[in-house]
2 protein chains.
Amino acid sequence: MTRVLVVDDDPQLLRALRITLSARGYDVTTVADGTTALAAASRTPPDLVIVDLGLPDIDGVAVVEGLRGWCTAPIIVLSARHAEPAKVDALDAGADDYVTKPFGMDELLARVRAALRRAAPATGHAIVSTDAFTVDLANKRVTTPTGEVRLTPTEWHLLEVLIHEPGKLVTQRQLLQQVWGPAYETETTYLRVHLANLRRKLEPDPARPRYLITEPGIGYRFTPEQPV
Amino acid sequence: MTRVLVVDDDPQLLRALRITLSARGYDVTTVADGTTALAAASRTPPDLVIVDLGLPDIDGVAVVEGLRGWCTAPIIVLSARHAEPAKVDALDAGADDYVTKPFGMDELLARVRAALRRAAPATGHAIVSTDAFTVDLANKRVTTPTGEVRLTPTEWHLLEVLIHEPGKLVTQRQLLQQVWGPAYETETTYLRVHLANLRRKLEPDPARPRYLITEPGIGYRFTPEQPV
DNA sequence: GGGTGGCGTTAAGACGGCGTCAAGATCCGC
DNA sequence: GCGGATCTTGACGCCGTCTTAACGCCACCC
């Protein structure tokens with residue numbers, strides 16, 4: 001089911017959105033401030049985010065930027081502000097759409113459909129495989145030539161983030177933020193230990209990793225194939 | 001260059017859009033009715049379409065549907081109609097965004113950027129390449145004819161700043177400030193050593209640099225191509 | 001022609017990050 | 001309340017990177 005995260009400090013609007021979106025078959029999560037929103041998003045990544053600009057704790061634009069660091073889901077910004085600079089800022093921060101209050105529910109739903117339709121191709125492939133192991137993202141299973149491997153929740157989460165975009169370097173910051181939450185951005189020891197565990201379970205030769213590569217001082221990278 | 005097709009029957013607005021978009025570096029084609037628009041689009045597929053709902057020959061929604069049949073470029077609909085059903089129809093027909101007139105030019109430009117950004121993965125990602133090496137900024141990878149090159153964090157940071165605006169001179173001050181921080185503005189020795197390392201890894205002949213050029217007493221410059 | 005300042009090169013040492021292991025803390029199901 | 005799995009935390013050795021210094025070269029100026 002399509003997960004929608006709604007961030008707004010107005011209880012009434014929050015309730016209306018939850019009811020309307022749920023009725024359309026979306027899996028809705030509602031939160032009332034930016035910090036909770038970022039935490040919720042990193043715990044269970046949403047397929048779409050609706051965020052109000054006027055939040056009690058942090059600026060809505062900051063929430064957009066925080067999400068965009070690692071999350072490609074479309075973001076629709078709500079705001080009572082009709083001023084142009086506000087719209088430009090939000091859109092350039094990474095938002096996909098900007099809707100001014102008051103708005104019609106039918107229009108918002110149409111914009112949600114449009115945003116999801118555009119983002120759809122990204123939510124594709126469910127299986128990633130290398131010479132040494134195969135990852136079934138949908139069924140949460142990993143198999144190696146010697147049989148099926150059991151991963152702990154943390155290991156799985158870590159692997160998911162790394163595998164999401166093969167070949168792409170993921171910074172330590174991004175990994176920590178997404179797996180452990182924004183408050184753990186500096187706990188690089190976690191990464192070392194759990195990466196070591198993952199390698200022990202997946203790599204043919206854990207001491208010389210071929211697929212889960214360290215980029216010293218920057219982050220880690222999943223490489224599907226051996227270059228050369 | 002990014003091709004934008006603008007469809008509107010108002011000559012004034014058409015002119016304003018052509019001038020503004022061209023000034024931002026877009027390759028603009030303007031047409032005044034739906035039939036011509038569909039013909040133009042099939043001749044040279046655009047990267048983005050801006051279409052007015054109130055066209056003289058056929059309905060704007062029909063234009064959107066006609067394009068969506070074979071073209072995945074983002075479509076932004078313009079309209080004087082504020083009514084909700086019109087927005088819903090246009091969005092559900094395949095439009096990516098709906099802007100009501102009158103609108104601010106800055107907002108429209110921001111929405112154009114947002115739409116193109118979302119569609120970007122199909123177009124390809126940020127890559128800077130020369131005859132001697134290729135830099136993949138998104139994946140943080142550098143390749144030369146002899147294979148992939150590993151850069152240290154500092155070297156990456158330095159290269160990123162230099163490559164950000166190809167051909168442009170970057171002063172020593174700017175480099176030191178961005179890579180090491182404001183407190184290191186005078187440590188030009190750092191630059192010499194790390195630039196030497198970068199050249200050793202990237203330049204075909206590190207002793208006679210072709211791409212990472214020194215401007216004595218001022219700073220450094222990244223030159224994508226050999227000036228004869 | 002000698003002096004000076006900026007630049008490139010090289011090498012050595014200090015420093016910090018990384019992988020590894022193992023023990024304590026915590027959570028969860030039974 | 002208990003036991004097992006999982007996560008956190010600390011210690012240690014190793015290796016790569018950054019810093020720092022010394023030296024030679026070149027262009028420019030006096």
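All chains are named by letter (A, B, ...) in the order of the sequence lines, taking the proteins before the strands, and each is independently numbered beginning at 1.
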S.K.: Which atom pairs link the protein and nucleotides 3-6 of chain D when you take only N or O atoms and keep those under 3.5 Å?
M.R.:
from	atom 1	to	atom 2	distance (Å)
D:dT6	OP1	A:R150	NH2	2.8

S.K.: What does the inter-axis angle of the helix from C:dG1-D:dC30 to C:dC30-D:dG1 come out as, five pairs per end, nearest 10 degrees?
M.R.: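 Both end axes considered, the difference amounts to 40°.
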S.K.: So, using ring-ring contact (aromatic ring centres under 6.0 Å, His included) as the criterion, who are the partners of A:Y26 when residues are at least two apart?
M.R.: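 With sequence neighbours excluded, A:Y26 shows a ring-ring contact (aromatic ring centres under 6.0 Å, His included) to no residue whatsoever.
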S.K.: Specify the separation, in whole Å, of atom CD of B:E187 and atom C1' of C:dC7.
M.R.: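 That distance rounds to 16 Å.
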S.K.: So, using side chain to side chain donor-acceptor pair (under 3.5 Å) as the criterion, who are the partners of B:R68 when residues are at least two apart?
M.R.: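 Applying side chain to side chain donor-acceptor pair (under 3.5 Å) to B:R68 gives B:D96.
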S.K.: To the nearest Å, give me how far apart NE2 (B:H157) and C1' (D:dT17) are.
M.R.: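 Distance, rounded to whole Å: 16 Å.
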S.K.: Restricting to side chain to side chain donor-acceptor pair (under 3.5 Å), what partner residues turn up for A:S79, sequence neighbours left out?
M.R.: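 Listed in chain order: A:Y98.
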S.K.: What does nucleotides 23-30 of chain D look like as a protein-contact string, B for base, S for sugar-phosphate only, - for none, at under 4.0 angstrom between heavy atoms?
M.R.: --------
S.K.: Apply side chain to side chain donor-acceptor pair (under 3.5 Å) to A:T30 and list each qualifying residue two or more places apart in sequence or on a separate chain.
M.R.: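 In terms of side chain to side chain donor-acceptor pair (under 3.5 Å), with neighbours along the sequence ignored, A:T30 is linked to A:R18.
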S.K.: Is it true that B:R3 and B:D27 make a salt bridge, defined as a side-chain N closer than 4.0 Å to a carboxylate O?
M.R.: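 Salt bridge between B:R3 and B:D27, a charged N being under 4.0 Å from a carboxylate O: no.
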S.K.: Whole angstroms only, please: what is the NE2-C1' distance between B:H194 and C:dA11?
M.R.: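 That distance rounds to 15 Å.
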S.K.: Which pairs of donor and acceptor atoms, one on a side chain in residues 140-150 of chain A, lie under 3.5 Å apart (sequence neighbours left out)?
M.R.:
from	atom 1	to	atom 2	distance (Å)
A:K140	NZ	A:E160	OE2	3.4
A:R141	NE	A:E148	OE2	3.0
A:R141	NH2	A:E148	OE1	2.9
A:T144	OG1	A:T146	N	3.3
A:T144	OG1	A:T146	OG1	3.0
A:T144	OG1	A:G147	O	3.2

S.K.: Rounded off to whole Å, could you give me the CG-to-C1' distance for the B:L158 and D:dT17 pair?
M.R.: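 So the two atoms are 14 Å apart, to the nearest Å.
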S.K.: Examine D:dT20: is either OP1 or OP2 under 4.0 Å from a nitrogen or oxygen in the side chain of B:Y190? Give yes or no.
M.R.: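 Yes, because at least one side-chain N or O of B:Y190 sits under 4.0 Å from OP1 or OP2 of D:dT20.
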S.K.: Among residues at least two apart in sequence or on other chains, which ones pass side chain to side chain donor-acceptor pair (under 3.5 Å) with A:R15?
M.R.: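 If we apply the side chain to side chain donor-acceptor pair (under 3.5 Å) test to A:R15, skipping adjacent residues, there are no hits.
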S.K.: Shortest non-hydrogen contact from A:T100 to A:R81?
M.R.: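 Scanning both residues completely, I find the closest heavy atoms to be CG2-O, 3.6 Å.
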S.K.: OP1, OP2 of D:dT19 versus side-chain N and O of B:W180: anything below 4.0 Å?
M.R.: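 Yes, because at least one side-chain N or O of B:W180 sits under 4.0 Å from OP1 or OP2 of D:dT19.
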S.K.: Output all residues satisfying ring-ring contact (aromatic ring centres under 6.0 Å, His included) with B:F133, sequence neighbours left out; order by chain, then residue number.
M.R.: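 Per chain and number, B:F133 pairs via ring-ring contact (aromatic ring centres under 6.0 Å, His included) with B:Y211.
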S.K.: Expressed as a whole number of angstroms, how long is the span from B:N197:CG to D:dT19:C1'?
M.R.: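 These atoms are roughly 12 Å apart.
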S.K.: For A:H194, enumerate each residue passing the ring-ring contact (aromatic ring centres under 6.0 Å, His included) test, keeping only those at least two apart in sequence or located in another chain.
M.R.: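 For A:H194, the residues satisfying ring-ring contact (aromatic ring centres under 6.0 Å, His included) (neighbours in sequence not counted) are A:W180.
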S.K.: Using a 4.0 Å cut-off on protein heavy atoms (strictly under), produce a 5'-to-3' string for nucleotides 13-30 of chain C with B for base contact, S for backbone-only sugar-phosphate contact, and - for none.
M.R.: ----SBBS----------
S.K.: Let me see the working for B:F222 and B:V128 under side-chain contact (heavy atoms from CB on, under 4.5 Å), right down to the final yes or no.
M.R.: CA-CA 11 Å; B:F222 167 68; B:V128 179; 3.9 Å; yes
S.K.: Test A:M105 against A:L17 for side-chain contact (heavy atoms from CB on, under 4.5 Å), laying out the working first.
M.R.: CA-CA 8 Å; A:M105 207 48 98; A:L17 285 171; 3.9 Å; yes
